[in-house]
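By convention in this document, chain letters (A, B, ...) are assigned in the order of the sequence lines, proteins followed by strands, and residues within each chain are numbered from 1. Keep in mind that what you see is a predicted model, and the values were worked out from it rather than measured.
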There are 2 protein chains.
Amino acid sequence: MGNITIKMLAKELNLSTAAVSKALNDSHEISESTKQRVLELAAALNYVPHPYAGSLREKKSNTIAVVIPEVADSFFSLALNGIESVAIEKGYHALIYLTHERFEREKTILKDLESGRVDGVIMSLTMKTNTFGHLKTLNKIVPMVFFDRVCEEIDTAKITTNDEECGYQATQHLIDQDCKKIAILSISDSLSISSKRMQGYQRALLDSGRAYDASCVIDYSEDPAENLEQLRKAFKAAGRPDGIVATVSKMTTDIYLVAMELGLRIPEDLKVVSFSNDSTVAILNPSLTTITQPAFEMGELAANILFRALKKKDLIWTEESRVLPSQLFIRNSSTGSL
Amino acid sequence: MGNITIKMLAKELNLSTAAVSKALNDSHEISESTKQRVLELAAALNYVPHPYAGSLREKKSNTIAVVIPEVADSFFSLALNGIESVAIEKGYHALIYLTHERFEREKTILKDLESGRVDGVIMSLTMKTNTFGHLKTLNKIVPMVFFDRVCEEIDTAKITTNDEECGYQATQHLIDQDCKKIAILSISDSLSISSKRMQGYQRALLDSGRAYDASCVIDYSEDPAENLEQLRKAFKAAGRPDGIVATVSKMTTDIYLVAMELGLRIPEDLKVVSFSNDSTVAILNPSLTTITQPAFEMGELAANILFRALKKKDLIWTEESRVLPSQLFIRNSSTGSL
DNA sequence: ATGAAAGCGCTAACAC
DNA sequence: GTGTTAGCGCTTTCAT
């Protein structure tokens, strides 16, 4: 660990630690000449203040935690990017915690964060998070901002996109392309973004006078083999879907591969729309129609709100919540123009 | 920040803080009965020890820093994933710092890390890092492990892949596919992985009796528009390449798009091999032949070595260096089998 | 303008 | 088996 301390500087300069500390912090009660001397020696000795000593006294760590399900995912990595950009700019440090979609991990991590390790938390829930006690407890101790997979039950700022609308748009787009039977890939029963996307899907069906068919819902599974099997079953069935909305980008590859395997052509036999932030969507075979979230901006915004709140305590949190629009990009996977 | 302290527990229980501390740490010099009492109250009051107080005393933060160029990148996000997995398992916390390929940012970050904020550092250099003083300084204070974009000048553990060989393999593969003129996309002049891949490329050319042609080297630029322009120029030239090795995955999309734009068919007119960890390579149009690095494992290994070193100081660092093999996956972008 | 001293929360000698 | 004390590195009253 870092070695050279204020005490050493003080001794070397025949000053008190107090004087050195004040000089280092450019206090007005220190003469210019001593400030000079202190600063010079500090630079010469390569003095770097020990952050944890300061934190202990000031009860302020200048550190935030980012708790997300996964980082090897284009949405979350872009969001993290946005968060980190703001953090560094504001002089904060970011601890990263991955839950890997495990509820238990989320609870353990949040429990640790009650310690005072961080001044604030930015997070996105696990797919399986269905109780909220651990969130409520932490939120009493430390400011939290949620993004994307937010917790409706907690009274704090939340950054989301227009999920219901996007579910609607994606579905409506497939309806416009003459799809007769539209399946949807759903990620979670408990997550609000998931149910919102599902609601949009159902509303679109209803608006065009179609009945909601529960057999059209394919649930995402942790087990990749299981996912492939689900898709095979769905695509082989007598009344197989001719359109599919994937609310989670990681299953896009599976859809393409299973379609290929079964000789289903995209988009002729099956039209696909996927929620995705992946940069390769334009060069897929065929290029993929997507709902794309403003991932970087969501991260940036979440961080900005958190840091603003960290400055002035008198913030009305929930009023800071924002809904950023996602965008539908129509490409070849959902149109006839291949 | 966290509020309930050992002092409070002590008062409540009519014990000294020392006794409480020992009880909490399950010391043998404390009676079972008091341990019980302490543990119960701690649980009831939801006591969580303040990490920075401990760090200050123990001169140990249980925190590491991960310094990488970018996180919205499949290689680095997978590596981060590997690092975080190990860290959490060992009870460590991971601070994440993104350099965004800026040398200045790298220096600033490393300077801060001299403070004792972390017990160790895992990092991958900027494309532009060409002096090493900041690395040497930090390495004297805190153990460092490099991965992928390593610094040869520093005497510590380095996790790499067989970059020279991979450059060779990729090039040889294109030669085997009858490519007459093979271009290479290079990322940096100063990075050792970059020059190794380049060396492999040159060796393959030489082995098949070809001359190295400097005009075949396309340099990666920060500016996306500039990159596209470079590719257009190269692909339009009279003696345009019929094969290309991309040593950096982010330009794959550009290659595909420019080829499309100019009416060049992949693989018929232009065969492509790219270094990539992207999960969508199999469903690109056409599917992409890749050199794929063991990203997750590299992160895991780097972390394991670091944590092992943190335990026992008597470690011979350089001997811990490891070269993990990358793998060539032949797909349609480089073969005739479309 | 500078110094002495206390204290942030914790642990580790060293008493008793 | 439990308490007293000192100290990690820093800032901040409160003297002087």
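Nearest-nucleotide assignment on DNA chain D puts the 5′-proximal partner with A:K7, out of A:S21 and A:K7. Between A:I6 and A:E29, the one whose closest nucleotide on DNA chain D sits nearer the 5' end is A:I6. Nearest-nucleotide mapping onto DNA chain C: of B:L56 and B:A18, the residue sitting toward the 5' end is B:L56.
In this structure a side-chain-to-backbone donor-acceptor pair under 3.5 Å is missing from B:D119 to B:I64. Distance alone, capped at 3.5 Å, is enough to place a donor-acceptor pair between the B:T156 side chain and the B:M144 backbone. Of the possible polar contacts, none joining the B:R105 side chain to the B:H100 backbone as a donor-acceptor pair under 3.5 Å is found. Panel note: side chain B:E84, backbone A:L98; a donor-acceptor pair is recorded below 3.5 Å. Side chain of A:S77 to backbone of A:D73: a donor-acceptor contact under 3.5 angstrom is found. A donor-acceptor distance shorter than 3.5 angstrom exists from the side chain of A:S188 to the backbone of A:S190, with no hydrogens or angles considered.
The side chain of A:A19 sits closest to C:dT2 out of C:dT2, D:dT11, D:dG3. Listed nucleotides: D:dT11, C:dG9, D:dC14. Nearest to the side chain of B:A53: C:dG9. When distances are taken from the side chain of B:R57 to each of C:dG9, D:dG3, C:dA6, the shortest belongs to C:dG9. Side-chain proximity of B:I30 to C:dG3, D:dT2, D:dG3: nearest is D:dT2. When distances run from any side-chain atom of A:K22 to the nucleotides D:dC14, D:dT2, C:dT11, the shortest one goes to D:dC14.
Between the CG atom of B:N3 and the P atom of C:dC8 there is a distance of 14 Å, rounded to whole Å. Counting to the nearest Å, the C1' atom of D:dT11 and the CG atom of A:D26 are 15 Å from each other. If you measure from atom CG of B:L13 to atom P of D:dG3, you get 10 Å, rounded to the nearest angstrom. Between B:N14 atom CG and D:dG3 atom P there is a gap of 9 Å when expressed in whole angstrom units. Spacing between atom NE2 of A:H28 and atom C1' of C:dT2 amounts to 14 Å, rounded to whole angstrom units. Counting to the nearest Å, the C1' atom of C:dT11 and the CG atom of B:N25 are 8 Å from each other. In this structure, CG of B:L24 is placed 18 Å from P of D:dG1, rounded to the nearest angstrom. When the P atom of D:dG7 is taken as reference, atom NE2 of A:H50 falls 18 Å away, rounded to whole Å.
Listed by first then second residue, pairs satisfying side chain to side chain donor-acceptor pair (under 3.5 Å) with a partner in residues 85-98 of chain A read A:K60-A:Y92, A:H93-B:Y97, A:H93-B:R117, A:Y97-B:H93, not counting sequence neighbours.
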| field | Stepwise side chain to side chain donor-acceptor pair (under 3.5 Å) check, B:T129 with B:E106 | value | CA-CA 8 Å; B:T129 303; B:E106 184 176 283; 3.0 Å; yes

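Under a cutoff of 6.0 Å and an axis angle of 45°, B:K311 and B:F307 do not form a cation-pi pair.
Direction change of the helix axis from one end of the helix from C:dA1-D:dT16 to C:dC16-D:dG1 to the other is 50°, with five pairs defining each end axis (rounded to 10°).
Residue B:S16 places at least one side-chain N or O under 4.0 Å from the OP1 or OP2 atom of D:dG3. Regarding contacts with the backbone of C:dC10, a side-chain N or O of B:Y47 is found under 4.0 angstrom from either OP1 or OP2.
Interface residues of residues 31-43 of chain A facing DNA chain C, ordered by number: A:S31, A:T34; criterion, heavy-atom separation under 4.0 Å.
The only option from A:E104, A:E101, A:E222 that meets the salt bridge (charged side-chain N to carboxylate O under 4.0 Å, His left out) definition with A:K128 turns out to be A:E222.
Side-chain atoms of B:K59 and base atoms of D:dG7 include no donor and acceptor less than 3.5 Å apart.
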